[in-house]
Amino acid sequence: MSRQTLPMTDALHDYLLSVSLRETDVQRQLREDTARLPEAGMQLSPEQGQFLQLLVRLTGARRCLEIGTFTGYSALAVALALRDDGFITACDVSETWTDMAWRYWQAAGVAHKIFLRLAPARETLDALLEQDQAGLYDFAFIDADKEGYLDYYERALRLLRTGGLIAVDNTLWSGRPADPAVTDADTAAIRAFNRRLHADTRVDLSVLPVGDGLTLARKR
């Protein structure tokens, strides 16, 4: 058994997708269209989207949160995995990006499962808490501005039920958090977030080298 995760070469990544990925035509088209945007680097990898689907199915999630929607690939993946009475509250601030998302959600027949909130995510999450939604959500996915991660995490944790799961993207941040010479604000925020979760006894924790790093935190 290897002591470390295999390096992900382009050839190995292609092979991984060839034997694992089960993407619908709508998902593939959304991903390809997003790849043409200047902000394409913000796109979730397809294997991460499929992994989120598996997590949603394994946990039997019905009420989901998404903090950072971009062009809608992750929300689409989760919505496709949700049972008929499930829904996602999706938080974003860009009407341009989410207009693109809506087209694909509608094409996939899942738009009725997605409640988009165009406002700063802190405001949306605080509003949910004020509406006595604490402890009612099953699953949350955080993939937004890195300096906001701790705030989003704390609010999502309050909204989740015991046994609920939070998934957080970009927590390995292309390896920059491991390099002390890198001191930009986003990297510093990811370092602080990772340290906080490592010490957080309210959750069970695992940081996975999937995509750009995916942290899973299960509320105890």
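Because only heavy atoms are used, hydrogens play no part in the values below, and waters and symmetry mates are left out as well, while side chains stay in.
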Ion pair check, Asp204 and Arg218, cut-off under 4.0 Å: yes
Under a 4.0 Å N-O cut-off, is there an ion pair linking Arg117 with Glu123?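 Not counted as a salt bridge, because no side-chain N and carboxylate O are separated by less than 4.0 Å.
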Kindly check if the number of other-residue, nucleotide or ligand heavy atoms within 6.0 Å of [atom1] ([X]) is above 12?
| X | atom1 | value |
| --- | --- | --- |
| Asp10 | CG | no |
| Arg122 | CZ | yes |
| Asp84 | CG | no |

Using a 4.5 Å cut-off on heavy atoms from C-beta on, say whether the side chain of [Y] contacts that of [X].
| X | Y | result |
| --- | --- | --- |
| Val110 | Leu76 | yes |
| Thr24 | Gln27 | yes |
| Thr89 | Tyr137 | yes |
| Leu157 | Asp200 | yes |
| Leu16 | Leu12 | no |

Give the minimum heavy-atom separation between [X] and [Y], together with the two atoms involved.
| X | Y | answer |
| --- | --- | --- |
| Leu17 | Pro46 | CD2-CG, 4.2 Å |
| Leu160 | Lys219 | O-NZ, 2.7 Å |
| Ala119 | Thr124 | CB-OG1, 3.9 Å |
| Lys146 | Ala189 | O-CB, 3.5 Å |
| Arg220 | Thr201 | NH1-O, 3.0 Å |
| Asp92 | Gly68 | OD2-C, 3.8 Å |

Quick one: pull up [atom1] in [X] and [atom2] in [Y] and give me the separation to the nearest 0.5 Å.
| X | Y | atom1 | atom2 | result |
| --- | --- | --- | --- | --- |
| Thr34 | Arg36 | OG1 | CZ | 9.5 Å |
| Thr98 | Arg103 | OG1 | CZ | 10.5 Å |
| Arg191 | Asp186 | CZ | CG | 11.5 Å |
| Asn170 | Asp212 | CG | CG | 4.5 Å |
| Asp151 | Ile142 | CG | CD1 | 10.0 Å |
| Ser206 | Leu214 | OG | CG | 9.0 Å |

Mind checking whether [X] and [Y] sit in one hydrophobic cluster, side chains of I, L, V, M, F, W, Y counted as touching below 4.5 Å?
| X | Y | answer |
| --- | --- | --- |
| Met100 | Leu116 | yes |
| Trp102 | Leu82 | yes |
| Phe87 | Trp105 | no |
| Leu159 | Leu216 | no |
| Leu37 | Leu44 | yes |

Do any side-chain atoms of residues 49-67 form donor-acceptor pairs under 3.5 angstrom with protein atoms, and if so which ones, sequence neighbours left out?
unit_1: Gln50; atom_1: OE1; unit_2: Arg22; atom_2: N; d: 2.6
unit_1: Gln50; atom_1: NE2; unit_2: Ser20; atom_2: O; d: 2.8
unit_1: Gln50; atom_1: NE2; unit_2: Ser20; atom_2: OG; d: 3.2
unit_1: Gln53; atom_1: NE2; unit_2: Ala77; atom_2: O; d: 2.9
unit_1: Thr59; atom_1: OG1; unit_2: Leu55; atom_2: O; d: 2.8
unit_1: Thr59; atom_1: OG1; unit_2: Val56; atom_2: O; d: 3.2
unit_1: Arg63; atom_1: NH1; unit_2: Gln133; atom_2: OE1; d: 3.3
unit_1: Glu66; atom_1: OE1; unit_2: Thr69; atom_2: OG1; d: 2.8
unit_1: Glu66; atom_1: OE2; unit_2: Ser74; atom_2: OG; d: 2.4
unit_1: Glu66; atom_1: OE2; unit_2: Ala75; atom_2: N; d: 3.1

Output all residues satisfying side-chain hydrogen bond (donor to acceptor under 3.5 Å, both in side chains) with [X], sequence neighbours left out; order by chain, then residue number.
| X | result |
| --- | --- |
| Glu154 | Arg202 |
| Arg155 | Asp126 |
| Lys113 | none |
| Trp173 | Thr187 |

If you look only at pairs with a residue in residues 56-76, which of them pass as a ring-ring contact (aromatic ring centres under 6.0 Å, His included), with sequence neighbours excluded? Phe70-Trp97
Can you list the residues that meet the ring pair (Phe, Tyr, Trp, His ring centres under 6.0 Å) rule with [X], with sequence neighbours excluded?
| X | answer |
| --- | --- |
| Tyr152 | none |
| Tyr15 | none |
| Tyr153 | Phe193 |

Check: Asp169 side chain, Asp143 main-chain N or O, donor-acceptor pair, under 3.5 Å: no
Can you list, by chain and residue number, the hydrophobic cluster partners of Val207 when the side-chain cut-off is 4.5 Å?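 Grouped by the 4.5 Å side-chain rule, Leu172 form the rest of the cluster around Val207.
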Going by chain and number, the hydrophobic cluster around Val93 (ILVMFWY, side chain to side chain under 4.5 Å) further includes none
For Gln29 and Asp33, does a side-chain donor sit closer than 3.5 Å to a side-chain acceptor? yes
Considering only residues two or more places apart or on different chains, which pairs with a residue in residues 131-141 satisfy salt bridge (Lys or Arg N to Asp or Glu O under 4.0 Å)? Asp138-Arg161
